[in-house]
Structures are given as C-alpha cells and as structure tokens.
Amino acid sequence: MARVFMFYSRLRAEEKMIIEAAKAREIPLESIVVSDLAWPNDICQRKDVALCRCIGHRQNLALALTLEAKGVITINHSDVMNICSDKIATSSKLSIAGIPQPDYAVAFSLEGTLKCVEKMGYPVVLKPPVGSWGRLLAKVNDKDALEAVVEHKLHLGSQHSAIYIQKYVDKNGFDIRATIIGDCPVSAIRRCSNHWITNTARGGEAQNYPLTDDLKKLLVDVQRAIGGKLLAVDVFETYNGYLVNEVNGQPEFRSSHERITGVDVAGKIVEMAWTLAQKSDENDF
C-alpha cells in the first residue's frame with residue numbers, strides 16, 4: 001500500500017499544521033527530518049507520496065530528485081521546483097501561456113540593464129532571479145540608483161549575473177496571495193502594508209480576500225502553465241485586471257490559516273496527498 005511521507009528540514013508552523021491535520025483525519029503520515037538520514041535510503045518505495053518541505057531550495061530539489069529516482073511521487077515535482085525557484089523561468093512560462101503579468105526584461109550587463117529600463121520606464125523593481133521572502137528587492141526610481149544597484153549585483157557572484165527587471169506596479173498597499181492545491185484554487189488573502197513590499201515575512205498584514213470567478217480562472221491557468229500540486233500565486237489587482245507577480249512552489253501558508261480564510265489549507269494538503277497515494281495504489285496515477 002502506498003504511503004504518505006513529509007520530509008522537512010525544520011519543523012515550522014506549516015509542518016506542525018500538516019501533522020495535526022493528518023492526525024485529525026486519521027490519515028497515516030510519517031514525518032521525517034532530513035538531517036537524520038543519509039540519502040538515498042529505503043524508507044520510501046515506488047508509488048509512495050512525499051511532501052517535500054525543506055526550507056532551502058537546494059535541499060528540497062535534491063530531496064525530490066533522489067525520491068523521484070526511486071519512483072516516489074513528490075509534491076512538488078522537481079521540474080516544478082526548478083521553475084518556481086527562478087523568476088526568469090516562471091515569467092517565461094507565464095509568457096508562453098499568455099498569462100498577464102507585469103512587464104519584465106532580463107539583462108546581462110549594466111549597459112543592457114540601462115537599455116531595458118530606458119524602454120520600460122521608471123520606476124522598476126530589480127529582483128534576484130532566485131530568492132524568497134521579499135529579500136534583496138530594490139525599487140529603482142532613477143538612473144543613478146539603477147547604476148548603483150546593478151553594479152552591486154554584478155559583484156555578488158554568478159547567481160546575480162542575470163538581471164531580472166520588472167516594471168513597478170502601484171498595488172494600492174496590498175497584493176493577493178492565493179493557494180492552489182491539486183488543480184483547484186482554495187483560498188486567497190490580501191497582504192497589506194504601508195511599505196511597497198507587502199510580504200507577510202516583511203510585516204504585511206493578512207486579511208481574507210474573496211476567490212472571484214475571474215481570479216479562479218487566472219489561477220487555474222497558472223496551474224496549467226506551471227504544473228504542480230501545491231502552489232502559492234502572488235497577484236496584483238489593477239484597474240485593468242489581475243497581474244501575476246510570482247509563483248511559489250514550496251509555499252508557507254500559516255498566513256492563510258483557517259481563522260483568516262475559513263479554509264483548512266493544511267487539511268486540504270493532507271487530503272490531496274492521501275488521494276494521490278490511493279490512486280497510485282490503484283495504478284491510476
């Protein structure tokens with residue numbers, strides 16, 4: 001019989017919520033800290049399902065690849081992890097699918113960045129292609145600031161050698177963080193802040209946000225473009241409609257707690273993983 005595992009590097013609020021949700025539903029879930037094991041090992045077998053919950057992308061990717069080599073179903077698959085961990089890859093996938101997003105460009109030098117921004121217009125936001133929690137973002141309002149920020153980035157190593165540029169969007173003090181489980185949008189919150197960075201990791205306040213039909217359609221399109229069974233999508237609400245800002249393939253969801261959204265996100269994650277395990281047993285997956 002296929003089993004459900006959760007591998008993690010640190011027991012955060014989300015992992016505790018998943019464990020409690022499994023207990024409440026009497027769903028067998030084995031939770032294992034990755035630092036206690038050598039990889040590969042014989043804990044998981046072909047057709048088992050594994051929630052990959054390491055904090056760092058490199059660890060999480062290595063975990064997924066190792067498990068997938070044994071025929072384990074990972075949430076999310078390593079291909080999805082790679083797309084979501086790289087903003088350039090994410091934006092490219094969204095572009096191919098015709099999904100609305102802020103204007104963006106990629107440059108490989110200071111001169112190239114200046115040309116991109118001259119065409120795009122100030123202000124712009126420079127983001128590291130790989131990063132999370134709203135770190136190392138820079139809102140740039142003029143050429144002098146742009147030259148200074150790019151000069152710093154180009155000396156930070158190969159990870160910053162491709163400059164990801166996004167047109168700044170005035171989001172009226174909030175953005176939307178929506179959660180997709182399986183192929184279904186399940187909840188959304190507003191992340192409100194007086195600062196232009198509204199991530200809850202940077203102090204943004206979480207409030208419930210209704211899943212309108214237009215928002216649901218957009219999120220379904222995103223899931224089809226990116227793939228994956230567990231996604232968090234950051235969305236801007238503008239006068240001309242929604243714009244997809246980023247897609248997270250290993251989301252934290254404590255800000256989408258049931259007391260805010262009315263949705264038991266952890267419970268839905270556990271139920272989705274258990275359903276996949278049952279389908280795997282039946283050779284339907």
Side-chain angles (χ1 to χ4, degrees), residues 7-10 12 14 34 52-66 68 74-97 99 101-110 112-113 116-117 120 124-140 146 148-169 175 177 180 191 196-202 204 222-223 225-236 243-253:
F7 295 99
Y8 62 93
S9 53
R10 191 173 72 204
R12 301 169 293 177
E14 287 82 3
V34 294
C52 300
R53 298 291 305 176
C54 293
I55 295 175
H57 168 67
R58 176 50 54 189
Q59 283 191 346
N60 221 37
L61 180 62
L63 170 65
L65 288 168
T66 304
E68 288 161 12
T74 57
I75 303 172
N76 281 309
H77 192 276
S78 57
D79 290 346
V80 176
M81 291 184 187
N82 269 326
I83 293 169
C84 294
S85 70
D86 187 321
K87 295 178 180 64
I88 297 171
T90 302
S91 289
S92 298
K93 284 288 187 181
L94 296 177
S95 292
I96 291 169
I99 293 171
Q101 60 181 312
D103 290 342
Y104 74 96
V106 179
F108 304 96
S109 66
L110 174 58
T113 305
C116 288
V117 177
M120 188 178 291
V124 297
V125 177
L126 300 189
K127 299 180 177 182
V130 177
S132 59
W133 296 326
R135 296 174 299 191
L136 296 179
L137 306 186
K139 179 186 174 188
V140 177
L146 181 65
V149 172
V150 172
E151 186 73 17
H152 280 82
K153 282 184 174 292
L154 293 176
H155 283 84
L156 288 175
S158 60
Q159 185 173 330
H160 297 270
S161 60
I163 308 297
Y164 179 83
I165 311 155
Q166 190 181 69
K167 178 65 178 174
Y168 174 75
V169 175
D175 72 350
R177 161 61 68 96
I180 303 172
R191 302 187 298 185
W196 68 274
I197 299 175
T198 52
N199 300 55
T200 53
R202 296 283 296 271
V222 170
Q223 193 278 329
I226 302 296
K229 297 294 184 182
L230 176 57
L231 300 174
V233 184
D234 297 342
V235 180
F236 296 151
L243 299 176
V244 175
N245 179 34
E246 295 181 7
V247 183
N248 190 313
Q250 193 52 52
E252 298 170 350
F253 53 86

Handout entry: Verdict with supporting geometry, L126 and L146, side-chain contact (heavy atoms from CB on, under 4.5 Å)
Key = CA-CA 9 Å; L126 300 189; L146 181 65; 3.9 Å; yes
What residues, two or more places apart in sequence or in another chain, satisfy side-chain contact (heavy atoms from CB on, under 4.5 Å) together with [X]?
{"X": "L65", "result": "L61, E68, S78"}
{"X": "K93", "result": "I83, I226"}
{"X": "S9", "result": "V34, C54, I55, Q59"}
{"X": "V125", "result": "K127, Y168, W196"}

Heavy-atom pair with the smallest gap, counting every atom of [X] and [Y]:
{"X": "E252", "Y": "R12", "value": "OE2-NH1, 3.2 Å"}
{"X": "A232", "Y": "P251", "value": "CB-CB, 3.4 Å"}
{"X": "P102", "Y": "Q166", "value": "CB-CG, 3.7 Å"}
{"X": "V106", "Y": "A162", "value": "CG1-CB, 4.4 Å"}
{"X": "Y104", "Y": "M120", "value": "C-CE, 3.7 Å"}
{"X": "C116", "Y": "I165", "value": "CB-CD1, 3.8 Å"}

Practice task
Give a yes or no answer on whether the side chain of N76 reaches the backbone of K229 with a donor-acceptor pair at less than 3.5 Å.
Solution key: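 Yes, N76 side chain to K229 backbone: donor-acceptor pair under 3.5 Å.
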Handout entry: With sequence neighbours excluded, residues passing salt bridge (charged side-chain N to carboxylate O under 4.0 Å, His left out) with D234
Key =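 Partners of D234 under the salt bridge (charged side-chain N to carboxylate O under 4.0 Å, His left out) test: R177, R191.
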Handout entry: Partners passing side-chain hydrogen bond (donor to acceptor under 3.5 Å, both in side chains) against Q101 (at least two apart in sequence or in another chain)
Key =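 By the side-chain hydrogen bond (donor to acceptor under 3.5 Å, both in side chains) rule, Q101 matches S91, S95.
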Exercise for the section: Could you tell me which residues satisfy side-chain hydrogen bond (donor to acceptor under 3.5 Å, both in side chains) with N60, sequence neighbours excluded, listed by chain and number? Expected result: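 For N60 the side-chain hydrogen bond (donor to acceptor under 3.5 Å, both in side chains) partners, ignoring immediate neighbours, are Q250.
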Practice task
Mind checking ring pair (Phe, Tyr, Trp, His ring centres under 6.0 Å) for Y8 and listing every partner two or more places apart, or none if nothing turns up?
Solution key: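 With sequence neighbours excluded, Y8 shows a ring pair (Phe, Tyr, Trp, His ring centres under 6.0 Å) to no residue whatsoever.
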Problem - Atom pair CG/CG of N248 and L230 - distance to nearest 0.5 Å - result: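 Separation between the atoms: 8.5 Å.
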Just wondering, do [Y] and [X] contact through their side chains at under 4.5 Å, heavy atoms?
{"X": "L231", "Y": "V80", "result": "yes"}
{"X": "I163", "Y": "L110", "result": "no"}
{"X": "H57", "Y": "C84", "result": "no"}

